[in-house]
There are 2 protein chains.
Amino acid sequence: MTQVGRRPDIAAVAAAAGVSVTTVSHVLSGRRPVSEATRAKVEAVIEELGYRPNPSARSLRTHRSESVALIVPDITNPFYPAVAAGLQDVLLGKGYLLSVNDAALPSRALPEVVRHVLARRVDGIVLASYGATEQDIAEIARSGTKLVRLGGRFRAEFGDVVRADDVGGMHDVVSHLIERGYQRIAFVNGEQDAHPSRIRLEGYERAMREADRAIDPDLILSTTFTRAGGVEGATALLARSPRPDAIVCGNDLIAVGVLDVTRRLGLSVPGDLAITGYDDIEAASLVTPALTTVHNPAREIGRTCARMLLDRLAGDYDDVAREVVLAHRLVVRESS
Amino acid sequence: MTQVGRRPDIAAVAAAAGVSVTTVSHVLSGRRPVSEATRAKVEAVIEELGYRPNPSARSLRTHRSESVALIVPDITNPFYPAVAAGLQDVLLGKGYLLSVNDAALPSRALPEVVRHVLARRVDGIVLASYGATEQDIAEIARSGTKLVRLGGRFRAEFGDVVRADDVGGMHDVVSHLIERGYQRIAFVNGEQDAHPSRIRLEGYERAMREADRAIDPDLILSTTFTRAGGVEGATALLARSPRPDAIVCGNDLIAVGVLDVTRRLGLSVPGDLAITGYDDIEAASLVTPALTTVHNPAREIGRTCARMLLDRLAGDYDDVAREVVLAHRLVVRESS
DNA sequence: CGCAGGATGCAAATCGTTTTGCAAACTAGG
DNA sequence: CCTAGTTTGCAAAACGATTTGCATCCTGCG
């Protein structure tokens with residue numbers, strides 16, 4: 001690989017191989033047949049010169065950037081890096097560049113992040129932000145950028161949706177608590193109007209109804225999907241009397257926050273209080289007592305999102321939208 | 001924002017504003033002065049048409065892609081998402097696209113990932129991969145892509161380096177154990193030949209020598225920077241007799257693995273065995289007992305990397321390479 | 001031997017910007 | 001009123017690929 005002067009362009013390759021640029025391009029794209037001899041010659045020269053097609057020039061002409069963006073609400077929530085890894089499992093081999101964009105408040109509002117990636121003309125977006133509004137999604141749709149959403153309500157004109165069965169998962173965890181005999185089962189949820197909050201609440205309510213339990217609005221709180229949210233929620237709930245004997249949490253981070261509070265108050269878990277999480281991030285198995293939770297197959301979700309996006313980019317499924325629901329799995333540990 | 005037919009290009013804007021494309025370009029770039037009246041008119045039209053410059057065309061002309069790539073050895077290690085968040089704190093406002101690339105084995109070898117991002121002609125790379133070889137770095141340098149490395153040995157021709165003071169950090173944690181009276185202090189390190197392993201070991205050795213302690217090679221093990229690595233290391237060490245009474249770990253993940261083993265063996269921590277980690281990822285404060293560790297300012301490291309890269313991209317510091325060392329902080333918790 | 005038709009390769013247009021060399025228009029000084 | 005000096009704006013040439021419409025060269029068949 002000689003490295004003299006500037007980068008070789010396709011014309012340099014053509015010249016060195018004694019053919020036209022068209023031919024080189026055809027060798028690269030396979031769009032038209034090229035004789036075996038020429039192909040070999042061209043490929044040798046490409047190797048020799050270390051030629052790599054300029055992606056800007058290519059995408060200017062083809063109107064595809066071969067890049068996709070992942071938008072997440074909080075990259076430090078370990079669920080999302082796992083999703084990102086899953087995306088990359090699929091995308092790297094196809095030559096796609098994966099951009100990861102954190103839309104965590106207060107510094108980064110979602111609409112700003114959406115505009116940012118749209119301005120960069122990515123081919124597709126995987127939107128994992130539960131704070132997404134209809135306007136945000138509509139703006140993406142309007143731009144023609146292919147969209148796969150991770151969770152959220154399914155609507156055909158708003159692209160594909162990949163999600164885990166949260167209603168079922170939350171149902172299972174609550175039923176599990178009921179079976180174990182817990183009586184006053186409280187719920188600390190994430191952001192009030194976020195979609196995952198709503199459907200996890202739905203799972204909670206369904207399980208309670210199935211067991212003929214009354215649903216006490218005083219035992220249901222909305223905070224945020226963070227450790228701090230859990231602290232806040234638990235502090236409020238555990239001041240109530242009579243105290244709940246179980247707290248179901250909207251995700252593992254919240255559960256960790258709840259655990260912080262029980263430690264401070266000197267409560268025993270699960271003796272005085274059962275706690276359950278959701279997602280099964282690594283921390284769930286690290287805390288003491290280890291958390292009962294619902295395993296969310298983050299990496300597999302990422303892979304699925306990537307595959308669906310690629311399908312759309314290939315022009316398949318142009319007229320249909322798909323919703324894929326992945327299986328969940330209840331993981332019973334020490335906290336319940 | 002009307003949305004009729006195809007996307008407006010700069011010519012459409014010029015036509016609608018009654019000026020030439022040059023003028024529109026000047027309004028956008030501010031490269032040459034434009035009268036206030038024209039500027040206002042052009043800006044109004046841009047808004048009205050929803051015009052956004054095509055980044056491919058722009059970068060084809062300017063030879064800059066306004067994108068940078070982060071390469072990490074394991075995106076599911078929570079240290080790296082924090083670095084990514086720090087990078088984005090700085091890059092988003094400048095319009096840069098951040099690509100996050102996981103080079104985790106076995107599926108993704110580092111050279112492959114490096115070639116992938118180089119082929120995409122990113123402007124700069126933040127390389128956080130401790131598995132990077134001299135060839136990998138040389139390949140980046142040869143391509144002319146600006147490079148900032150997170151950790152690693154400083155060499156002027158290989159770009160800037162940002163790192164925490166690992167030697168000092170490890171020194172502090174080991175000194176702390178010595179002060180507390182621990183006698184047989186073992187060390188479970190990460191990948192044998194990785195740079196962070198080497199310098200953390202250096203900190204360990206320095207602290208031992210300062211205290212006139214013998215360094216027993218049998219008490220020093222290399223595994224991997226993962227939870228599984230910790231399990232492996234602890235299993236080997238705790239079978240020795242006499243048993244070590246403290247295990248210093250190369251990072252928090254390893255420490256968590258060591259903790260797994262002590263639980264299985266029924267050892268009390270820190271009674272029978274002290275354990276320390278490194279990095280202060282969230283999990284360090286979650287486990288029981290909470291880990292004594294060294295706080296690694298991941299987000300701040302990310303921000304610093306971004307700023308240094310931007311400096312270089314601006315053409316500042318063209319002839320110098322800089323090494324920035326960030327302060328560490330010993331965090332004493334329950335495990336020691 | 002002539003010619004249809006498939007293989008192969010070429011020249012040129014195109015994608016949407018930035019930027020340079022000039023020209024026109026305006027301002028102000030003498 | 002003329003001219004030198006500023007502003008301001010235009011036309012056209014890059015940037016580096018893909019792709020289309022044509023030309024050319026072989027083959028082999030009638």
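Numbered from 1 within each chain, the chains take letters A, B, ... in sequence-line order.
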Rounded to whole angstrom units, what separation is found between the [atom1] atom of [X] and the [atom2] atom of [N]?
X	N	atom1	atom2	answer
B:Arg31	D:dC10	CZ	P	18 Å
B:Arg52	C:dT17	CZ	C1'	16 Å
A:Asp9	D:dC15	CG	C1'	10 Å
A:Arg7	D:dA17	CZ	P	10 Å
A:Arg121	C:dC15	CZ	P	14 Å
A:Ile10	D:dT19	CD1	P	11 Å
B:Arg61	C:dT19	CZ	P	6 Å
B:His63	C:dT18	NE2	P	13 Å

Heavy atoms from C-beta onward define the side chain here; which of [options] lies closest to that of [X]?
X	options	value
B:Pro53	D:dG9, D:dT19, C:dT17	C:dT17
A:Pro33	C:dC10, C:dT18, C:dT8	C:dT8
A:Asn54	C:dT17, D:dT18, D:dA17	D:dA17

Could you tell me whether the side chains of B:Thr23 and B:Ser20 share a donor-acceptor contact shorter than 3.5 Å?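 The criterion, which ignores hydrogens and geometry beyond distance, is satisfied for B:Ser20 and B:Thr23.
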
Would you indicate what [X] reaches in the nucleic acid, counting non-hydrogen atoms under 4.0 angstrom: base, sugar-phosphate, or nothing?
X	value
B:Thr38	sugar-phosphate
A:Arg32	base
A:Thr23	sugar-phosphate
B:Thr22	base

Can you work out whether A:His26 or B:Ala57 has the more 5'-proximal nearest nucleotide on DNA chain D?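 The residue closer to the strand's 5' end, by nearest nucleotide, is B:Ala57.
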
Quick check on D:dG9: is either OP1 or OP2 less than 4.0 Å from any side-chain nitrogen or oxygen of B:Ser20?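 For D:dG9, neither OP1 nor OP2 has a side-chain N or O of B:Ser20 closer than 4.0 Å.
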
Whichever of A:Ser35 and A:Val21 has its nearest DNA chain C nucleotide further upstream toward 5':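 Its nucleotide being nearer the 5' end, the pick is A:Ser35.
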
Any Lys/Arg nitrogen of [X] or [Y] sitting under 4.0 Å from an Asp/Glu carboxylate oxygen of the other?
X	Y	result
B:Arg39	B:Glu43	yes
A:Glu139	A:Arg142	no
A:Asp160	A:Arg149	no

Short question: side chain of A:Ser129, backbone of A:Ala132 - any donor-acceptor pair under 3.5 Å?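 Not at all, since once roles are kept as given, no pair shorter than 3.5 Å links the two residues.
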
